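Worth saying up front: this structure is predicted, and the values here are computed from it rather than measured. Order of appearance sets the numbers: ligands from 1, and atoms from 1 within every ligand. The basis for the numbers below is simple: all heavy atoms, side chains too, and nothing from hydrogens, waters or symmetry mates.
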Amino acid sequence: MPHLWMFLLQSLTPPEHQVLLIDGNAKPMTEEELVQFIRDEGIELVGIGAMTRMVARAYRMADAIRAVGVPVVMGGPHVTEAADEALGRDDGQRHADAVALGEADETWPKIVADAARGQLKEVYEPVDEAGKERKPSLSPYPSIPWETLDLDQFNLVPKVARSFLERHGAGWGTFHMVPIESGRGCPYGCEFCTVTGFFGDSIRFRTNESVVDELLRLKMRARQNLGQIAVFFIDDNFAINIKRTKSLLKDIIAAGAQLPWTAQISANLLRDEELVDLISASGGRWIFIGMESIDPANLADVNKNFNKPGEYAAVLERLSKRNIYAITSFIFGMDNDTPGVADRTLEQIASWPPVLPVFGQLTAFPGTPLYARLGAAGRMTRPRHWMDFAPFKMAHTPLKMTIEEAQMEVDKAWRTSYSAESNQKALQSIADRRIDDRLMHLVARLFFRGIYFPQLTKRDWTKLVAQNRRPVFRLAKEAFGLYRASRKNSSRADVLARPLQS
Ligand code: B12
Ligand code: SF4
């Protein structure tokens, strides 16, 4: 899925400038390729955004671009907390000519204007005339021209399958997952999270009309392109104000603006039956729930004791009854975790309706209360872990297990959750559901596995399909049978209609 910030800043750029977007995940380039692209296109200013985990790579790209004399501006959650690092003020190498701190909706047009005049400043801060921090309002909100944007690099349909699906797949030649925000901010302040510090605990919303309009334009694009579009509401906690969420969902339904959507909602807010009914009626298909741990002591440690492990099963049942499934996210290596945490968590998961679980290890991001606590306690083993990025490896010592043990627990949880056997069990448990729901579930499981197990080549995919051949063939056979039956029915209807037409 592409990142929203680049589409947003593109639409906030003064119209006399042209903006080209490259997503390093969707369209990876080497330093040389990127520099060549910049030269070929005559690009005069490069903006780079990165999360902490990608920032070392972003710095390498920035270094190569600056080396050929093109200025670089960096923004996003990492450089906001580590601006000195990006600017080389911490005795390290300088990577950026300028940094945009915090939300850049209002500073970006100024940055572009300064760059055009050759007067780029080093630091851009969202402050008012009195120098006080100012959070941009989301009302009004810019109109992102999704209907005309080139989204080719983000088509999730694998290249090998595109031409076949264009001919036979009834609108499956393209599939785009589009990020939309309906609001910003979360007041909960979980210890490991950057959101409360970055967006502040002031919650801001777009108007319902502006969100509905964006959905309607996306729906039109999907229809015109004979493709599929799903939406990810990237709000940190989509139902943080339940009354407002219900009113938005009602407006989406009333306008017929439903598209399949995903959003992040904390479990405590999913107790409300009416909310879950509206989620279902407005197109909600997958809800991302930060469960983090099944141990209340861990949750209390990270200031997330509004999560109640005792109610996870009921929440998931409530969703599943309406054909809505959950992506459940877990963190291992928390202070009360001991070896065996994977088995204990997997046992709970096995008792729930099928979910897509994701597992990571507790990671202290700069600027979070967790980073400050672990630093003060002298527990960080790699205080600048992002410069020495090691996926799924902790950068501090957990209290009741070792870093290696935490890594093994994460590995076990991924391996077990996405084994061919688990995939088959998950599909069996929803055998009474419609074929498209089961297909969606299987495809999602095959893709989600890729978060942990690298699966980028055709060979990886062939192996994966071979391992999961039973459910794949069974569902393919069933789908093909239905497809043939529907073709037969429609040609019979054709024959019946002919005498009437003549
Ligand atoms: C949607 C989302 C996801 C989605 C999709 C990611 C995607 N492709 O968009 C999913 C669920 C997949 C995801 C996964 C992860 N995410 Co995430 N995610 C988000 C979320 C909720 C929204 C991002 C967003 O679009 N925000 C709205 C836009 C408008 O805000 P923004 O990106 O910050 O951009 C503004 C400014 O920062 C600035 N800006 C940003 N970039 C740039 C660049 C320039 C040049 C300029 C001038 C300005 C600028 O301008 C923008 C407008 O004001 C954020 C939290 C949040 N609210 O931001 C977390 C967040 C970005 N994710 C986070 C994390 C940790 C992760 C994971 C590592 C979690 C995990 N353990 O697996 C993975 C990593 C996945 C990966 N490898 O990419 C952290 C990052 C913290 C950090 N310091 O890096 C965040 C901040 C949440 C948190 N809990 O702290 N994520
Ligand atoms: S509820 Fe989610 S977004 Fe809000 S502070 Fe906690 S982890 Fe961050």
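- Atoms of ligand 1 lying under 4.0 Å from at least one heavy atom of Glu103, given by number and element, are 53 (O).
- Atoms of ligand 1 lying under 4.0 Å from at least one heavy atom of Trp108, given by number and element, are 47 (C).
- The two atoms that bring Phe205 and Ser139 nearest to each other are O-CB, 4.0 Å, heavy atoms only.
- By the 4.0 Å N-to-carboxylate-O rule, Asp301 lies too far from Arg373 to be salt-bridged with it.
- In the vicinity of Val73, heavy-atom distances shorter than 4.0 Å reach the ligand 1 atoms 45 (C).
- We find that Lys135 and Glu103 are joined by a salt bridge, their nearest charged nitrogen and carboxylate oxygen being less than 4.0 Å apart.
- The protein does not reach atom 10 (C) of ligand 1 closely, with no heavy atom under 4.0 angstrom from it.
- At least one heavy atom of Arg184 sits closer than 4.0 Å to an atom of ligand 1.
- Heavy-atom separations between Phe198 and ligand 1 include at least one value shorter than 4.0 Å.
- With rounding to the nearest 0.5 Å, the separation of CG in Asp90 from CG in Asp84 is 6.5 Å.
- Residue Thr194 touches ligand 1 through backbone and side chain together, judged by heavy-atom distances below 4.0 Å.
- Judged purely by atom type and a 3.5 angstrom limit, Asp235 uses its side chain to pair as donor or acceptor with the backbone of Ser182.
- The shortest N/O to N/O separation between Arg53 and ligand 1 falls below 3.5 Å.
- Not a single protein heavy atom sits closer than 4.0 Å to atom 69 (C) of ligand 1.
- Within ligand 1, the atoms closer than 4.0 Å to a non-hydrogen atom of Ala100 are 47 (C), numbered from 1 in the order shown.
- Within the structure, ligand 1 has Gly49 among the residues with a heavy atom less than 4.0 angstrom away.
- Protein heavy atoms are found inside the 4.0 Å sphere centred on atom 16 (N) of ligand 1.
- Here the shortest heavy-atom pairing between Ala86 and Val79 reads CB-CG1, 3.9 Å.
- Looking at Leu370 and Leu362, their side chains come closer than 4.5 Å, going by heavy atoms from C-beta outward.
- Here's the thing with Met1: one of its N/O atoms is less than 3.5 angstrom from an N/O atom of ligand 1.
- If you check each of Cys193, Gly76, Pro136 against atom 49 (C) of ligand 1, the one with the closest non-hydrogen atom is Gly76.
- For atom 54 (C) of ligand 1, the nearest non-hydrogen atom of the protein is Asp236 OD1, 4.3 Å.
- Heavy-atom contacts from other residues, nucleotides or ligands closer than 6.0 Å to NZ of Lys393 number 12 or fewer.
- Not one N or O of His78 is nearer than 3.5 Å to an N or O of ligand 1, by distance alone.
- Side-chain contact check for Arg53 and Thr363: no donor-acceptor pair (N or O, by modelled atom type) lies under 3.5 Å.
- Side chains of Glu181 and Tyr141: a donor on one and an acceptor on the other come within 3.5 Å.
- Between Tyr452 and Phe392, the ring-plane angle classifies as perpendicular under the 30° and 60° cut-offs.
- Closer than 4.0 Å to atom 19 (C) of ligand 1 lies none of the heavy atoms of the protein.
- Here Ala104 has heavy atoms under 4.0 Å from ligand 1 in both its backbone and its side chain.
- The shortest contact between atom 2 (Fe) of ligand 2 and any protein heavy atom is with Lys304 NZ, 4.1 Å.
- Looking at atom 78 (O) of ligand 1, its nearest protein heavy atom turns out to be Met54 CE, 3.3 Å.
- Under 4.0 Å from ligand 2, not a single heavy atom of Gln264 appears.
- With hydrogens left out, the protein atom closest to atom 66 (C) of ligand 1 is Met51 SD, 3.8 Å, a heavy atom.
- Between Trp352 and Tyr312, the two ring planes are perpendicular [angle over 60°; tilted spans 30° to 60°].
- Considering backbone and side-chain atoms together, Asp105 places an N or O closer than 3.5 Å to an N or O of ligand 1.
- No more than 12 heavy-atom neighbours from other residues, nucleotides or ligands sit within 6.0 angstrom of CZ on Arg39.
- Expressed to the nearest 0.5 Å, how far CG of Leu356 lies from CD1 of Ile289 amounts to 11.5 Å.
- Side-chain contact, Tyr59 with Glu85: a donor N or O sits under 3.5 Å from an acceptor N or O.
- Classified by interplanar angle (parallel below 30°, tilted 30° to 60°, perpendicular above 60°), the ring pair Phe332/Phe359 is tilted.
- Per-atom contact check: atom 28 (C) of ligand 1 does not touch the protein, criterion being a heavy-atom distance below 4.0 Å.
- Counting only heavy atoms, the protein gets under 4.0 Å from atom 81 (C) of ligand 1.
- Among protein heavy atoms, atom 87 (C) of ligand 1 sits closest to Val195 CG2, 3.9 Å.
- Between the side chain of Trp461 and the backbone N or O of Gln455 there is at least one donor-acceptor pair closer than 3.5 Å.
- A salt bridge does not link Arg344 with Asp295: every distance from a Lys NZ or Arg NE/NH1/NH2 to an Asp or Glu carboxylate oxygen is 4.0 Å or more.
- Among all non-hydrogen protein atoms, the one lying nearest atom 22 (C) of ligand 1 is Ile234 O, 3.8 Å.
- Annotation: atom 38 (C) of ligand 1 to nearest protein heavy atom, Gly102 O, 3.7 Å.
- Between Pro2 and ligand 1 there is a heavy-atom distance shorter than 4.0 Å.
- Under a 4.0 angstrom heavy-atom cut-off, Pro179 registers as lying outside contact with ligand 1.
- Protein N/O/S atoms found under 2.8 Å from atom 8 (Fe) of ligand 2: Cys193 SG.
- Contact detail for Leu101 and Pro126: the closest heavy-atom pair is O-CD, 3.2 Å.
- The presence of a protein heavy atom under 4.0 Å from atom 1 (C) of ligand 1 is confirmed.
- For atom 46 (C) of ligand 1, the nearest protein heavy atom (residue, atom name, distance) is Leu9 CD1, 3.6 Å.
- Neither the backbone nor the side chain of Met6 comes within contact range of ligand 1; no heavy atom lies under 4.0 Å.
- Using a distance-only test at 3.5 Å, with no hydrogens or angles considered, no donor-acceptor pair links the side chain of Thr52 to the main chain of His78.
- Looking at Ser210 and Asp213, their side chains never bring a donor and an acceptor atom within 3.5 Å of each other.
- Nearest residue to atom 83 (N) of ligand 1 from Leu4, Thr52, Asn237, Leu8 is Thr52 (criterion: closest heavy atom).
- Nearest heavy-atom pair, Glu33 versus Pro28, reported as atom, atom and distance to 0.1 Å: OE1-O, 4.3 Å.
- From the protein, the heavy atom lying nearest to atom 43 (C) of ligand 1 is Trp5 CZ3, 3.4 Å.
- The presence of a protein heavy atom under 4.0 Å from atom 24 (C) of ligand 1 is confirmed.
- The aromatic ring centres of Phe448 and Tyr418 sit 6.0 Å or more apart.
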